[in-house]
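So you know, we letter chains A, B, ... as the sequences are listed, proteins then strands, and number each from 1. Everything quoted here is computed from the prediction, not taken from an experiment.
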Amino acid sequence: MSVLTLINLENVSKNYTMGEVEVNALSDLTLEIEKGKFVVMIGTSGTGKSTLLNLISAIDTPTKGRILIEGVDISFLTRKQRAQFRRHKIGFIFQFFNLIPTLTAVENVEFGLALVGVTSSPGNTSYDTKDIHSTALEWLDKVGLAHRANHFPSQMSGGEQQRVAIARALAKNPPIIIADEPTGNLDFRTGIKILKLMKELNKETQKTFVIATHNSQLAKIADYVISLQMGGVETYEQIPHDDLDKLIW
Amino acid sequence: MNFLSRYWRKKLIGDIKQQKLLFFALFFLCIFGVGSYVTLTMGYTNLYSSLDKIYTKTNFADVEINTHSDVWYNISEVNSFINNYSIYYPELEMINHRLLVNSGYNSSIDTKEYTRYQLTEGRAIGLNWSLSATERVNGFIYNEGTEPVHQLQNNSILLEAHYAHVYDLHVNDFLQTKIYGQKFNFTIQGIVYNPESLIVIPSRHEFLPNNRFGIIYLPLKILHEYTNLTGLANNIIIRVSDNLSIKARNQIISDFYVKLNDQTNNSFTSPVYQEFQVSNWALNMDLEEIQKIAIALPVLILAVASIAIFITLNRQVQSQRRIIGIASSLGYTPVDILLHYASFSFILGLVGSVIGILLGVGLSGGITWIYAYFMLFPAIISIELQLGVIISAFIIGTSITFISGIIPAIKANRLSPREALQGNLMISKGGHSFFERILRIRSFRIRFTVPIRNFFRQKSRTTATIIAISASVMILVVSGAFNDSINGGISRQFTETSQYHMSVSYEGFKFSDLGLLEDISYISQLPGVESVDPVLEIPSIIETNGRKEEVLIMAWNSSSPQTHKFQWTSKADQLIPKDGLILTSGLARSLGSSTGDTVSYGYPRIPYLGSAYKAAVTIWNLWGGGDRSRNETLEYLTSLITQNKDTLSFSSNAEEINFRYEDITVTGVSEEIWGSIIYTTIQTLTDSMGIDIFKNSFLDIDLSPCSKLILKISNPNNLTLLENIKTEVSSLSEIRSITFGYDLRNSINQTLTAFNIIVIIFIFFACILAGASIFTTIHINFQERSRESATMLTLGLSDQEFLFIISIENFFQTLLGILGGILPGLWLADWILSNALRVFYFPIVVSIQTWLIIWVGVLLIVLVSQIPAIVQGVKMDLAEVTKDISR
């Protein structure tokens, strides 16, 4: 494992039952992801993309194997420890945005921030409402939504909602951003804008983005592409960047 | 019928199984609502029909007419009048004459330490023993011994069952009895129930049933001998034809009464109809209460059930939009879909009603039996299946649940397949909360913002939950207010207001210069006796503002009695001055009178005093005045009044009994539980009654009467001291009974224990109702917001923080629910208390402890009820649920 490795999966398997059927979602998967990379996982339905994301983000636990994040094994954490882990280490971007409908854009960002506080320097974390609010506004500004700060999700378009979700994920400063089909519920143009934004933020913040998608076109903008097949890694390759404007799907 | 196809049936069962906890709660509410309706309705119907049976078997009098106190009528004179009269009124089917006299008993009761003898009071009833059971009005049901007892042996009696139960008396036991100063050792030949004492309440003015009030029955002829009242009676009981309407009955009795009074110098007081006979009246009051509760409680529960069903099915239709779309596209008709979703509520109603009815039928027998057991009813208890109640319960149960499920079903039926299949992401509308808008606060910590905004997010659901909590709180407030008001009222009455520790009753009136002053002086010097207050109790009528109330006048010999502390309600109130009276607050309320008003009160005359005065003047003059003359006159008066007053008092000889009225000023209103008592001084009353003729003449004799002595004891909890005083006092003449405040308090506590059990049952009902409704709502909230909750948990919210957010929302709902239930609850309690206990007045009081129990209790129930839903919530598959757009 290199010093740059952020996520390390060693012989990870995941089985679960669906009704009366035993499903082998991942089998003996080994994988390393480096810090600050923009990683896209592709594969058709049922290849284990979401399962892998769930394991990395500690939403789920492996049946077998080890998952190390920043060198710490998260495979056997308790529920409470996993919640703490997600709180500090993972930023989530969902396909259906999953904003809290009763909170405004800025409050949705605050919701994530309030869990970890605003860290201005190491060891100096503030939970002050004003600090949290101003940081949330800054992040909304970064995603170009400062003018929509006080709007509720129902008043915003899908793309705007997803931008709020991105701000929510990044505002709390986690090392890993997990995005499961982030453009899956958006039209093409909006999808491109969101990807551009994510890519820009990846460069700017040096956070590790792990994105799952069934759209192979997205692979063109990734630093690394992991292709999953039958619960295992088919290919794992570094690819040259393509121009986002040329993407089609 | 496609909706009945195997697939739909499977789906129906599958859906119910999937949400078994929720459906269980809904089933429970249906069963609870229907069950309580059947239990209570059949319970009181059974009790009514049991009473009917008892009344029919014993020929319960339709009306009774009594003479004024200390007035008797001549049976043969009245009989000849009746014989002439009944030719014109054949509806008067049975008329019996009875002689009712006060009696006292010396009965023993075993305590933990020793056997105590108690001098109790009661009534001896002489009746025509030659009548057969079918001819006798107010006959008997034998608990021990058997009919016929025509041959009641000398010195034998029948004893009323409640008294026998308290003192463990049985057939062939002896009962030491005192009648008119004579002591008898009667043999009990039968223990009996009588329709006029199914609940033993000595008079309308007494509050609690008193099973220590002994009623004995003996042949009229024998009682005549014991009382020197040969040929006289004072009570007429009448049975009229069964087919007579109430109006016709009242008209006939009213005519009869007027003519009877014409014949007997106005000897009789107003007729007492069966519905106002004190035992029947108290029983009906109880049953009316059960009847009211039998309607109110199921209505509250079924209302909550129907709201919960509506919310649940609405949610189900929402979450099954895609299934509805698929079904429609496959060719199922809108009617199939409507019937499928309606069948959920129909099944709930059907199964809930059937189980509720079965449970209710079983429990109703229990209610009837428990009531009869505690009231010591005869064993003729009627437990019957009432088809009408069962059918109405079924119709009510199924129709309420069906109606509440039909609106969601119609929604499903109207959903277009295109719309249903689209599965668009549903984003509920956001908005600032009411608090934020009103208080203009925009900087709540985020963990407060979420629950505050969730509050009233689904207006109808939040409102429904608040209504359900309010309904529960109403029941709690009513129960608590009952408990506190009655317990507090009684406790204050018998500790702060009436500060007596011993009450001594005379057999009749005791007059100042005819032994009363000597008795007081003797008792006052007994060790432990702090003060002695003579009291005159006499029934009267008070009238003002066109309202008329039957009352009991309690007259004290002084304007500031030692044993009674008035609880003034206004600054203008003052102690009893001459020519004034004090109203108890309940009476003031029912009369609409207050301090300073003038009311009119009726005063009865003691009939023999006019004749006694004439006789006394003759004796005085015979002895020529002076001390000797006074002593001889007093001696003569004693013999005349205590031993031979009958000769002066039966209707033909007595002066005409005019119940006169006089205006008098209300000088104060005292906050007490009695709703039919007025206080004045003996002086005021005797002036009105004409007793002052002695005092205002050259005879210089004070004949101020008294019927009771109230004693204040230095150490009222020292039973030995009380027993010693009792022994001394009982040696005085004309003493009928001696009651300890200690025993009265014990008896009240026993009665209140039974009452408290009822309150606890109600509190239990309220808790279950609150719990079930909160459980249902929270469950639905979770289902609807599960994606949102999963998102929060995925973002790293801990279980505790999640619990906090949910609890805050429920806390606010509960808070509003409690606030919403308080005023209606207090109003309902006041309404029930003032209507149910018409002659008693309990101002509504709710203690701090009760408020604490209500607030903390309801909050706790809510917090506990949310746990199953929260546990289910935190265990959900976060990955799955965060992607589910139907939630």
Side-chain angles (χ1 to χ4, degrees), chain A residues 16 50-51 53-55 57-60 79-80 82-92 94-105 107-116 127 129-130 132-133 136 150-156 158 161 165 168-169 172 174 178 180-181 184-185, chain B residues 14 423-433 436 441-458 781 784-805 809 871 874-887:
Chain A
Y16 56 86
S50 295
T51 308
L53 285 190
N54 293 341
L55 293 176
S57 58
I59 286 178
D60 210 346
R79 270 176 57 81
K80 198 176 171 183
R82 280 191 283 137
Q84 284 296 318
F85 170 78
R86 287 196 300 271
R87 177 183 291 206
H88 293 281
K89 302 292 180 189
I90 309 287
F92 285 94
F94 302 95
Q95 179 182 357
F96 299 108
F97 331 128
N98 289 18
L99 298 182
I100 312 291
T102 50
L103 299 180
T104 59
E107 286 165 345
N108 263 289
V109 181
E110 285 176 32
F111 185 85
L113 260 176
L115 295 171
V116 293
Y127 289 91
T129 317
K130 281 180 189 165
I132 288 172
H133 184 69
N150 291 318
H151 287 75
F152 286 94
S154 59
Q155 298 167 316
M156 291 189 278
Q161 287 185 54
R168 177 175 69 183
K172 60 179 186 171
I178 296 284
D180 194 356
E181 302 281 10
N185 203 42
Chain B
N424 279 342
L425 177 60
M426 305 282 291
I427 300 173
S428 54
K429 228 172 139 184
H432 290 102
S433 69
E436 291 168 301
I441 296 174
R442 292 285 162 89
S443 59
F444 280 120
R445 280 194 177 273
I446 207 77
R447 66 181 58 178
F448 288 105
T449 311
V450 175
I452 286 171
R453 297 238 179 110
N454 278 340
F455 185 53
F456 269 108
R457 182 169 160 190
Q458 292 289 335
N781 278 349
E784 197 166 271
R785 302 180 198 159
S786 54
R787 191 161 68 97
E788 203 173 304
S789 307
T791 305
M792 290 186 199
L793 291 165
T794 305
L795 293 179
L797 203 70
S798 69
D799 293 352
Q800 288 78 4
E801 286 163 331
F802 183 61
L803 175 72
F804 177 80
I805 285 177
E809 182 185 346
V871 168
V874 295
K875 279 185 177 170
M876 64 191 155
D877 183 342
L878 298 180
E880 183 83 19
V881 181
T882 46
K883 284 182 186 172
D884 187 349
I885 59 165
S886 68
R887 304 175 194 232

query = Given a strict heavy-atom distance threshold of 4.5 Å, which part of Phe94(A) is in contact with chain B: side chain, backbone, both, or neither?
reply = side chain
query = Relative to chain B, which segment of Ile90(A) carries a heavy atom at a distance below 4.5 Å: side chain, backbone, both, or neither?
reply = neither
request  = Taking side chain to side chain contact (heavy atoms under 4.5 Å, CB included) as the test, write out the residues that go with Ala105(A), two or more places apart.
outcome  = Leu140(A), Met156(A), Val164(A)
note = NZ of Lys130(A) to CD1 of Ile132(A), rounded to nearest 0.5 Å, is 13.0 Å
task = Answer with side chain, backbone, both or neither: which region of Arg82(A) has an atom nearer than 4.5 Å to a non-hydrogen atom of chain B?
result = neither
task = Tell me, for Thr104(A) versus chain B, whether the close heavy atoms (under 4.5 Å) come from the side chain, the backbone, both or neither.
result = both
key: Portion of Lys89(A) that has a non-hydrogen atom of chain B nearer than 4.5 angstrom   = neither
message = Let's go through Ser50(A) and Asp180(A) carefully: what are the C-alpha distance in whole Å and the side-chain angles of both, what is the deciding distance for side chain to side chain donor-acceptor pair (under 3.5 Å) to 0.1 Å, and is it a yes or a no?
response = CA-CA 7 Å; Ser50(A) 295; Asp180(A) 194 356; 3.1 Å; yes
Non-neighbouring partners of Gln84(A) that pass side chain to side chain contact (heavy atoms under 4.5 Å, CB included), sequence neighbours left out = Arg87(A), His88(A)
key: Glu110(A) and Thr449(B), any side-chain heavy atoms less than 4.5 Å apart   = no
query = Between Asp60(A) and chain B, which part of the residue has a heavy atom less than 4.5 Å away: side chain, backbone, both or neither?
reply = neither
